[in-house]
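Counting starts at 1 for both ligands and their atoms, in listed order. Along the sequence shown, residues are numbered consecutively beginning with 1. Just so it is clear, the structure is predicted and the values come from calculations on it, not from any experiment. Atom set for the values below is all heavy atoms of this structure, side chains included, hydrogens, waters and symmetry mates excluded.
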Amino acid sequence: MFIVQKFGGSSLANDKLIFNAAQKIIDAHRNNNKVVVVLSAQGNTTDNLIERALKINPQPSKRELDVLLATGEVQSVALMTLAIHKLGFSAISLDCRQAGIFAANNYGNARIEKINPQRIMNEIEKNNIVIVTGFQALNSYDDVVTLGRGGSDTSAVALAAALNADVCEIFTDVDGIYTADPRIIPTAKKIDKINYDEMLELASLGAVVMHSRSIELAKKYNIKLVVRSSLNNSPGTLIGDENVEQTLINGVAVDKNVAVISLIGLSDEPGMVFKLFAVLSKNKICIDLIIQSIGRQNTKDISFTVAREFLDETINILQKNQDFLCYDHLIFDNTVAKLSVVGAGVASNPEIAKMMFEGIYNEGINIKMISTSEIKISILINENEIERAANAVHNNLLDIKN
Ligand code: ASP
Ligand code: MG
């Protein structure tokens, strides 16, 4: 078999864990498999590097920040390769240039566009275990760009597609995908199998386990994904399309990386929303939940959410465009959080919405925004109530599922 394995930062945080991961890699290699490994930076390395950069310059150039962040993964691949050598096996580390991973030019949030796996294949032919840096790629200016936080999952799936691998194993510090984050919701249960679409919703809603772009890619190229612990041998969660029974509810996701911006007093006429989103899209600001108030006295208000790291930038852009957008004033709140329920049953079973809102009501929590789709319901509430709300909703909904 051809296997791509990916180890996250928590599975590489110290020397002992590096050797533990090295052993898993060697086991796969010894079972007569071709093995390519993608690594994240160790432990909190990426956070620490960002902090150091911001201390020196609070408004860092995105290009230089990428140069710095990419070093985290470079350290990991070299150390891992040394560990594998020490255990008596041949391995070689490759950075994104050597591995032939190319992306578009967006610094800090690039998308992989092409992989030329020739060098990787040559090394595999030489019976090397190949250890590749995750999270980074080369752009058309020959600069290193990073793929957004958590992006090494996407590196792994993209490589699995390019190499036509049989499976992509994502090793992490939990046993698989859960119906909720077990650190927040103790009653969360492990999911054995889940299909791409439901997993995509969970990932994009901040269920934190995987980079959502990696699931999109896995779906597009039909890559079998297994999320499992690097610390034990339990089978983990299979993400794929085969034999995955549809369940009513897959999980409850919490996202604290949310801020809401409201534009007050927009004129109540056709085209205002278009103008607003034209400005946001031109500046590559991704928005999530949106609500528009009903008009009164020829004005209306629009609120939408962005990831917190884009709050300052978004406010800046909106202020610069105040004349063009003709709003009266702007308010924002970065003490909110989003709670979502995901599952194929959302559209077909009105009981789910009722149980969700009942859980919130029983806790006496006020809802600020709501959005729904075929397979999810998301609400925005105060950040300091999110844990209570998530537990109430999860416990209420688990009853329906079973
Ligand atoms: N090291 C990067 C991060 O912390 C990429 C990753 O871990 O996937 O976001
Ligand atoms: Mg990760």
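The ligand atoms of ligand 1 that sit less than 4.0 angstrom from a heavy atom of Phe135 are 2 (C), 5 (C). Close approach to Glu73 involves these atoms of ligand 1, each under 4.0 Å from a residue heavy atom: 1 (N), 2 (C), 5 (C). In the vicinity of Ser152, heavy-atom distances shorter than 4.0 Å reach the ligand 1 atoms 5 (C), 6 (C), 7 (O), 8 (O). Set against the non-hydrogen atoms of Gly150, the atoms of ligand 1 under 4.0 Å away are 3 (C), 5 (C), 6 (C), 8 (O), 9 (O). Counting atoms of ligand 1 from 1 in the listed order, those under 4.0 Å from a heavy atom of Thr46 are 1 (N), 2 (C), 3 (C), 4 (O).
Distances between N or O atoms of Lys6 and those of ligand 1 include no value under 3.5 Å.
Inter-residue side-chain proximity for Thr372 and Ile377 is flagged as met; some heavy-atom pair is nearer than 4.5 Å.
When the options Gly9, Gly8, Ser40 are ranked by their closest heavy atom to atom 7 (O) of ligand 1, first place goes to Ser40. In this comparison of Gln136, His211, Arg149, the heavy atom closest to atom 3 (C) of ligand 1 sits on Arg149.
Distances shorter than 4.0 angstrom do not occur between any heavy atom of Gly72 and any atom of ligand 1.
Screening Arg119, His85, Gln98 against Ile92 for a side chain to side chain contact (heavy atoms under 4.5 Å, CB included) leaves a single residue, Arg119. Screening Leu238, Val157, Leu217, Ile177 for a side chain to side chain contact (heavy atoms under 4.5 Å, CB included) with Leu225, the sole residue that qualifies is Val157.
Shown here is Phe19, whose CZ atom has more than 12 heavy atoms of other residues, nucleotides or ligands within 6.0 Å. Taking a 6.0 Å sphere around NZ of Lys219, one finds it holds 12 or fewer heavy atoms contributed by other residues, nucleotides or ligands.
Classification of the His29-Phe89 ring pair by plane angle, with boundaries at 30° and 60°, yields perpendicular.
Here the shortest heavy-atom pairing between Ala156 and Val38 reads CA-CG2, 3.8 Å.
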